[in-house]
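As the structure is a computational prediction, the values presented were derived from the model and not from experiment.
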Amino acid sequence: MVVKRAYHHGDLRRALVLAAREALVERGPEGVSLRGAVAKVGASTAAPYRHFRDKDALLVAIALEGHAELRECLRGCGARTVTALGHSYLGFALENPALYRLMVGAGIGDRAAYPELAEAHRETCALLADRVGERNDPDGFAVTLWCLLHGLATLVIDGHVERDSAVAEAERSLGFLGGGVGTS
């Protein structure tokens, strides 16, 4: 008698996220699908619905990972200077353009349905505020810094600014913002 064993993937949720991240890099958010992720990991077609209600939920999981990775990158940049933060942020965005675009808005239908995504944005901004040093309004400064860095990253990703020019422009613009504590 042959006994068939039930298929067990292990950490299916993680495997689906990794498979979807590969698809994101290769084809953008529109190229990500639950069906494609399931096929890549070899699970049953019903299996992903235990972890993700739909494609947007899978994309949100990827975006949340991206925010955690960006925060880790910002924590690991060493010096608590505006320039160091700028280089770390811009470097992350330009090394991970598809992930970055997903994190900041591309591809997820109803973002309001995922409050954890808004919280991830707030945590990233709070980390910037914490890292910029003593200022009259660290939260306001962090939002301004985030706007500048996001704008530069998006301009490069969209092909409007050369990558090398963006680094120089970031240096120049961060110099304007610096004007005080922790700028070098």
Side-chain angles (χ1 to χ4, degrees), residues 7-76 85 88-132 137-160:
Y7 176 79
H8 179 70
H9 190 278
D11 190 352
L12 179 60
R13 185 181 198 288
R14 183 76 193 130
L16 291 168
V17 168
L18 290 174
R21 278 186 79 155
E22 285 181 27
L24 176 70
V25 169
E26 294 168 4
R27 298 181 297 280
E30 49 289 327
V32 174
S33 70
L34 281 170
R35 183 177 300 170
V38 165
K40 184 144 181 110
V41 302
S44 74
T45 55
Y49 296 101
R50 290 183 213 136
H51 303 283
F52 304 104
R53 70 175 178 242
D54 57 19
K55 173 184 169 177
D56 277 352
L58 178 58
L59 289 172
V60 166
I62 296 167
L64 292 173
E65 274 191 5
H67 275 286
E69 291 168 17
L70 174 57
R71 287 191 301 272
E72 191 57 36
C73 181
L74 293 172
R75 283 185 198 100
L85 287 170
S88 292
Y89 185 100
L90 201 53
F92 176 87
L94 299 182
E95 293 301 317
N96 304 284
L99 176 60
Y100 181 75
R101 293 295 243 162
L102 180 69
M103 291 163 53
V104 298
I108 298 171
D110 183 12
R111 294 178 77 81
Y114 299 95
E116 63 272 32
L117 200 50
E119 180 59 26
H121 281 285
R122 281 191 291 281
E123 288 174 12
T124 301
C125 196
L127 176 62
L128 282 173
D130 179 61
R131 302 286 296 180
V132 295
D137 182 4
D139 292 332
F141 185 83
V143 170
T144 302
L145 177 60
W146 195 0
C147 290
L148 168 72
L149 295 171
H150 170 69
L152 282 170
T154 302
L155 287 169
V156 174
I157 291 168
D158 288 348
H160 299 293

In chain order, what residues pass the salt bridge (Lys or Arg N to Asp or Glu O under 4.0 Å) check against R75, with sequence neighbours excluded? E72
Reported SG-to-CG distance for the pair C147 and L152, which is rounded to 0.5 angstrom: 11.5 Å
What distance separates K55 NZ from L34 CG, expressed to the nearest 0.5 Å?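 One gets 9.0 Å once the value is rounded to the nearest 0.5 Å.
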Side-chain donor/acceptor of D56 to backbone N/O of I108, under 3.5 Å: no
Minimum heavy-atom distance S33-G36, with the two atoms named: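 Minimum heavy-atom contact is OG-N, 2.8 Å.
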Where is the tightest heavy-atom contact between I157 and A93, given as atom of each residue plus distance?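 The pair with the smallest heavy-atom distance is CD1-O, 3.8 Å.
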Ring pair (Phe, Tyr, Trp, His ring centres under 6.0 Å) contacts touching residues 21-42 (sequence neighbours left out):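 Every candidate ring pair (Phe, Tyr, Trp, His ring centres under 6.0 Å) pair involving residues 21-42 fails, so no pair, neighbours aside, qualifies.
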Tell me the ring pair (Phe, Tyr, Trp, His ring centres under 6.0 Å) pairs involving residues 22-61, sequence neighbours left out?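 Applying ring pair (Phe, Tyr, Trp, His ring centres under 6.0 Å) to every pair that reaches into residues 22-61, excluding sequence neighbours, yields nothing.
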With a 3.5 Å cut-off and sequence neighbours excluded, list the donor-acceptor pairs that the side chains of residues 96-107 form with protein atoms.
residue: N96; atom: ND2; partner: F92; partner atom: O; Å: 2.9
residue: Y100; atom: OH; partner: Y89; partner atom: OH; Å: 2.8
residue: Y100; atom: OH; partner: H150; partner atom: ND1; Å: 2.6
residue: R101; atom: NH2; partner: D158; partner atom: OD1; Å: 2.4
residue: R101; atom: NH2; partner: D158; partner atom: OD2; Å: 3.3

[X]: which residues meet the side-chain hydrogen bond (donor to acceptor under 3.5 Å, both in side chains) condition with it, sequence neighbours left out?
X: T124; result: H67, R71
X: R13; result: none
X: D54; result: Y114

For residues 17-31, run the donor-acceptor check on the side chains, cut-off 3.5 Å, and write out each pair with its distance to 0.1 Å, sequence neighbours left out.
residue: R21; atom: NH1; partner: E65; partner atom: OE1; Å: 2.7
residue: R21; atom: NH1; partner: E69; partner atom: OE2; Å: 2.7
residue: R21; atom: NH2; partner: E69; partner atom: OE1; Å: 3.1
residue: E22; atom: OE1; partner: K40; partner atom: NZ; Å: 2.9
residue: R27; atom: NH2; partner: G31; partner atom: O; Å: 3.4

V38: partners by side chain to side chain contact (heavy atoms under 4.5 Å, CB included), with sequence neighbours left out: L16, A43, P48
Min side-chain heavy-atom separation V60-L58 under 4.5 Å: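 With C-beta onward as the side chain, the pair stays apart.
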Applying salt bridge (charged side-chain N to carboxylate O under 4.0 Å, His left out), which residue pairs with at least one partner in residues 110-121 are found, sequence neighbours left out?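 Pairs touching residues 110-121 that pass the test: E119-R122.
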